[in-house]
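In what follows, a structure is listed as structure tokens, so that the remarks can point back to it.
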Amino acid sequence: MSGIIDGKYIGLMEGNIVYRQHIFPKRCLDRFCSSSGAIQIRWVDGRKPIISGSNNGVFCAPKNKTWSQQAEIIYGMRIEDSFQKVIENSMQNDRYELDEFESRKITEFYALWLYRCESIGIDYEGQKGSFASSVVDKFENEKYEKKAISFVDERGALSARSLRNYFILGGIMSFLDHHHDLKWFMSKAAQVEFIVPDNPAGNLFIPISPDRCFVAGETLPVLSADQCRSANAVMIKGANKYYCARDFSRCF
């Protein structure tokens with residue numbers, strides 16, 4: 001990731017704290033919504049499926065504030081914005097083979113998605129500390145977060161949000177180091193639509209619309225119906241709690 005930070009992101013970080021933190025970007029989920037703005041959601045545990053908008057809390061991190069403002073804006077939003085530009089360019093121009101710069105931006109996003117998901121499963125809140133708290137209320141918490149300053153919280157430990165920040169950032173940097181030459185391609189679904197899982201589960205596959213996806217390592221401009229069904233089966237198998245689609249009747 002570039003060490004140069006656009007002043008726009010610094011201004012956003014110092015603005016209002018983001019509490020509803022989408023794990024997979026809302027802008028991506030919006031592409032899977034029907035003309036009425038609804039997306040279908042199925043649960044891994046077999047609960048009754050629901051139909052909702054992309055603002056549903058199920059798409060957000062489980063707590064109102066799971067990772068820090070720095071993780072949300074300074075590199076989270078930066079990576080998401082670059083990823084959206086790659087999506088828009090490739091879809092508008094039907095570009096299936098992506099250049100090195102575009103592949104790098106997709107890899108950054110994939111790592112962001114992956115480590116956001118993994119960070120949620122770590123019980124940072126349960127850790128006990130032995131230091132004097134450096135904050136007295138949520139307003140002081142937010143003041144430090146807006147300046148990207150780590151602090152000791154009410155437990156006497158580094159705040160859970162800051163710890164997730166370090167985990168996500170460290171995970172992204174490690175992933176980029178090990179997969180710096182990863183090559184991505186855009187593929188189009190001929191007949192069957194794609195499913196979006198609640199986490200990538202290590203599968204180098206990113207659905208970006210009902211009929212488009214990014215795939216690493218293989219040049220497959222058009223996926224057959226069977227290939228799409230196989231990809232969807234892998235996505236479902238890797239899901240933790242839910243998976244979603246524009247219309248499940250078109251996914252199998």
Side-chain angles (χ1 to χ4, degrees), residues 1-6 9 12-13 18 21-29 31-32 59-62 65-90 97-122 124 148 160-187 194-209 212-218 231 234-235 237-241 243-244:
M1 294 182 293
S2 171
I4 301 174
I5 301 175
D6 190 318
Y9 297 105
L12 287 170
M13 189 181 74
V18 178
Q21 298 170 318
H22 275 71
I23 302 167
F24 192 67
K26 182 182 181 299
R27 285 175 287 178
C28 290
L29 291 168
R31 295 189 181 94
F32 287 84
F59 300 121
C60 300
K65 196 79 177 64
T66 299
W67 48 76
S68 72
Q69 185 82 338
Q70 183 180 15
E72 177 69 16
I73 304 293
I74 292 298
Y75 55 90
M77 186 176 288
R78 288 171 66 202
I79 290 173
E80 288 183 18
D81 285 349
S82 295
F83 181 65
Q84 295 301 327
K85 289 178 182 178
V86 175
I87 292 176
E88 291 161 7
N89 185 48
S90 59
E97 187 160 354
L98 307 172
D99 62 32
E100 183 179 342
F101 175 81
E102 292 168 319
S103 282
R104 176 78 174 187
K105 295 305 176 184
I106 297 171
T107 302
E108 287 181 358
F109 172 78
Y110 181 87
L112 174 69
W113 184 24
L114 178 67
Y115 286 100
R116 275 178 175 172
C117 293
E118 291 195 3
S119 76
I120 290 169
I122 303 173
Y124 289 118
R161 300 197 293 266
S162 293
L163 290 170
R164 284 197 179 88
N165 171 39
Y166 299 135
F167 177 86
I168 295 169
L169 180 57
I172 293 171
M173 294 177 69
S174 176
F175 193 90
L176 292 175
D177 185 51
H178 287 89
H179 301 280
H180 58 90
D181 57 351
L182 200 60
K183 178 70 173 174
W184 292 85
F185 301 88
M186 188 180 77
S187 295
F194 293 121
I195 282 169
V196 181
D198 60 357
N199 75 97
N203 301 303
L204 297 175
F205 181 95
I206 308 174
I208 57 174
S209 78
R212 297 285 195 283
C213 68
F214 288 141
V215 182
E218 295 187 72
V234 170
M235 296 295 101
K237 184 177 181 180
N240 285 330
K241 295 182 179 180
Y243 48 95
C244 58

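The residues of the chain are indexed from 1 along the displayed sequence. Only heavy atoms go into these numbers, but all of them, side chains included; no hydrogens, no water, no symmetry mates.
- Between I208 atom CD1 and M186 atom CE the span is 6.0 Å, to the nearest 0.5 Å.
- The backbone N or O of G238 sits less than 3.5 Å from a side-chain atom of N199, completing a donor-acceptor pair.
- Rounding to the nearest 0.5 Å places OG of S209 at 8.5 Å from CD1 of I87.
- Note that the CG atom of L182 and the CG atom of L204 stand 5.5 Å from one another [nearest 0.5 Å].
- S103 places none of its side-chain heavy atoms less than 4.5 Å from the side chain of F185.
- Residues passing the side-chain contact (heavy atoms from CB on, under 4.5 Å) test with S82 are K105, sequence neighbours excluded.
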So D198 and Y243, side-chain contact (heavy atoms from CB on, under 4.5 Å) or not? Walk me through it.
CA-CA 6 Å; D198 60 357; Y243 48 95; over 6 Å; no

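- With sequence neighbours left out, the side-chain contact (heavy atoms from CB on, under 4.5 Å) criterion links K26 to H22, D30, S54, N55.
- Heavy-atom minimum distance, A160 versus Y124: CB-CB, 3.6 Å.
- Under the 4.5 Å side-chain criterion, counting only non-hydrogen atoms from C-beta, I120 is in contact with I23.
- Every residue meeting the side chain to side chain donor-acceptor pair (under 3.5 Å) condition with T107, not counting sequence neighbours, appears here in chain and number order: W184.
- A donor-acceptor pair is defined here as one N or O able to donate and one able to accept, closer than 3.5 Å; no such pair exists between the side chain of Q21 and the backbone of C60.
- The heavy-atom pair separating G202 from Y110 by the smallest distance is C-OH, 3.0 Å.
- The salt bridge (charged side-chain N to carboxylate O under 4.0 Å, His left out) contacts involving residues 165-176 comprise nothing, where partners must be two or more places apart or lie in separate chains.
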Would you mind writing out the side-chain donor-acceptor pairs for residues 163-178 within the sub-3.5 Å range, not counting sequence neighbours?
| residue | atom | partner | partner atom | Å |
| --- | --- | --- | --- | --- |
| R164 | NE | S119 | O | 3.0 |
| R164 | NH1 | T66 | O | 3.3 |
| R164 | NH1 | E125 | OE2 | 2.8 |
| R164 | NH2 | I122 | O | 3.0 |
| R164 | NH2 | E125 | OE1 | 3.0 |
| R164 | NH2 | E125 | OE2 | 3.4 |
| N165 | OD1 | Y75 | OH | 2.6 |
| N165 | ND2 | Q70 | OE1 | 3.1 |
| Y166 | OH | S150 | OG | 2.2 |
| H178 | ND1 | S174 | O | 2.9 |

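- F214 has its side chain out of reach of S187: every pair of non-hydrogen atoms, C-beta onward, lies at least 4.5 Å apart.
- Every residue two or more places apart in sequence or in another chain that forms a side-chain contact (heavy atoms from CB on, under 4.5 Å) with A231 is listed here: F205.
- Residues satisfying the side-chain contact (heavy atoms from CB on, under 4.5 Å) criterion with D81, sequence neighbours excluded, are K8, Y9, R27, M77.
- For Q84, the side chain to side chain donor-acceptor pair (under 3.5 Å) partners at least two apart in sequence or on another chain are R31.
- Side chains of N89 and E102: a donor-acceptor N/O pair is present below 3.5 angstrom, by distance only.
- Minimum interatomic distance between C28 and F83 (heavy atoms only, all atoms of both residues): SG-CE2, 3.9 Å.
- M235 is listed as a side-chain neighbour of N203, based on a closest heavy-atom distance under 4.5 Å.
- One finds the CZ atom of R104 at 15.5 Å from the CG atom of L98 (value rounded to the nearest 0.5 Å).
- Proximity of a side-chain donor or acceptor of E88 to a complementary backbone N or O of K85 within less than 3.5 Å is not detected.
- With values rounded to the nearest 0.5 angstrom, C117 atom SG is found 9.0 Å from L112 atom CG.
- For W67, there are no ring-ring contact (aromatic ring centres under 6.0 Å, His included) partners at least two apart in sequence or on another chain.
- We find the OG-CE distance between S68 and M13 to be 8.5 Å, quoted to the nearest 0.5 Å.
- The two residues Q69 and L12 have their closest heavy-atom pair at NE2-O, 3.7 Å.
- K65 pairs by the salt bridge (charged side-chain N to carboxylate O under 4.0 Å, His left out) definition with E145, not counting sequence neighbours.
- Looking at residues two or more places apart in sequence or on another chain, you find a side chain to side chain donor-acceptor pair (under 3.5 Å) between E80 and R116.
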